[in-house]
Amino acid sequence: MKKIAILNGPNLNRLGRREPLIYGTGTLADLEQLIRDEAKLLGVAVTFFQSNHEGALVDKIHELADAGIEGFIVNFAAYSHTSIALHDALKSAGLPAIEVHISDIKKREAFRHTSMTAAACVAMISGQGFPGYVQALRQLAKL
Ligand code: DQA
């Protein structure tokens, strides 16, 4: 069974309460359940990690890579726009990763238009809400 990790970055633990007009009213637990349900249909094993700390996300990428994970779905949230460390961590893992953004980052403030971490990913899905993670899982399951 293919093993995929879903990594969520800062403030995504506040989903449901955080700017619902942009991110919707679903919680992180709702998002994880949606992904779990799809993983079951696809026959993929999923593991979840959320942190508000850049270094914790870097450490988790290393740990999962060493433990034999086969791909990543990442939403590094605000760190997507700034973090060369997370870019390098994904590169060091050498595994397929798909970046997801719930909102459409290209249609928001200029400082969100660039993603440092997307360049270390095989694809980026932006602006599809929670279903963007499901799309990412389907794509990774095929790789
Ligand atoms: C986000 C978009 C980022 O710009 C923002 O900092 C987030 C969430 C999204 O999923 O739409 O925290 O990654």
Side-chain angles (χ1 to χ4, degrees), residues 2-42 44-67 69-143:
K2 194 169 237 176
K3 289 180 272 180
I4 306 288
I6 295 88
L7 307 182
N8 281 303
N11 301 305
L12 293 170
N13 56 319
R14 307 290 292 171
L15 284 172
R17 276 175 290 176
R18 174 192 182 199
E19 298 181 272
L21 291 179
I22 296 175
Y23 300 111
T25 53
T27 64
L28 183 60
D30 295 334
L31 172 62
E32 291 182 355
Q33 193 53 51
L34 182 74
I35 297 168
R36 240 182 244 115
D37 291 345
E38 184 67 19
K40 208 169 181 186
L41 293 176
L42 293 168
V44 169
V46 283
T47 182
F48 298 96
F49 182 71
Q50 186 277 331
S51 179
N52 297 320
H53 304 278
E54 187 176 19
L57 291 159
V58 170
D59 286 345
K60 185 54 80 172
I61 291 168
H62 298 168
E63 182 191 313
L64 289 165
D66 290 348
I69 206 81
E70 290 165 280
F72 293 102
I73 295 172
V74 298
N75 182 352
F76 293 129
Y79 289 139
S80 316
H81 312 300
T82 61
S83 181
I84 296 168
L86 285 166
H87 169 111
D88 289 351
L90 284 180
K91 280 285 190 188
S92 80
L95 295 165
I98 298 184
E99 178 160 307
V100 174
H101 294 284
I102 297 164
S103 65
D104 187 346
I105 58 171
K106 299 281 183 205
K107 292 199 175 142
R108 298 184 63 194
E109 303 95 321
F111 61 80
R112 296 184 204 276
H113 293 184
T114 305
S115 169
M116 294 288 168
T117 47
C121 297
V122 295
M124 182 175 80
I125 297 168
S126 175
Q128 303 299 311
F130 286 7
Y133 288 78
V134 171
Q135 282 178 38
L137 190 65
R138 288 186 189 140
Q139 286 183 29
L140 275 181
K142 281 192 231 141
L143 294 180

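Just so you know, residue 1 is the first one in the sequence shown, and it goes up from there. Start at 1 and go down the list; that is how both ligands and their atoms are numbered. Please read these numbers as outputs of a predicted model, since none were measured by experiment.
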Quick one, [X] and [Y] - any side-chain contact, counting heavy atoms below 4.5 Å?
X    : Y   : value
I102 : L12 : yes
L7   : L64 : yes
K60  : S51 : no
F76  : L57 : yes
F48  : R36 : yes

>> Please compare R18, H101, H113 and report which has the shortest non-hydrogen distance to atom 12 (O) of ligand 1.
In response: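 Going through R18, H101, H113 one by one, R18 has the nearest heavy atom to atom 12 (O) of ligand 1.
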Rounded at 0.5 Å granularity, tell me how far [atom1] in [X] sits from [atom2] in [Y].
X    : Y    : atom1 : atom2 : result
T25  : R18  : OG1   : CZ    : 14.5 Å
K142 : L137 : NZ    : CG    : 11.0 Å
N11  : L28  : CG    : CG    : 12.0 Å

Look at ligand 1 and say whether [X] reaches it with a heavy atom at a distance under 4.0 Å.
X    : value
E109 : no
F76  : no
N11  : no

To check your reading of the model: name the closest protein heavy atom to [atom], its residue, and the distance in Å.
atom                    : answer
atom 3 (C) of ligand 1  : H81 NE2, 3.5 Å
atom 5 (C) of ligand 1  : R112 NH1, 3.3 Å
atom 8 (C) of ligand 1  : Y23 OH, 3.5 Å
atom 11 (O) of ligand 1 : S103 OG, 2.6 Å

> Do any nitrogen or oxygen atoms of I102 come within less than 3.5 Å of a nitrogen or oxygen of ligand 1?
Replying inline: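 Yes, at least one N or O pair falls under 3.5 Å.
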>> Check this for me - ligand 1, A78, N or O atoms closer than 3.5 angstrom, yes or no?
In response: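 So ligand 1 has an N or O lying under 3.5 Å from an N or O of A78.
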> Which of the atoms of ligand 1 are close to N75, meaning less than 4.0 Å from one of its heavy atoms?
Replying inline: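 Going through ligand 1 atom by atom, the ones under 4.0 Å from N75 are 9 (C), 10 (O), 13 (O).
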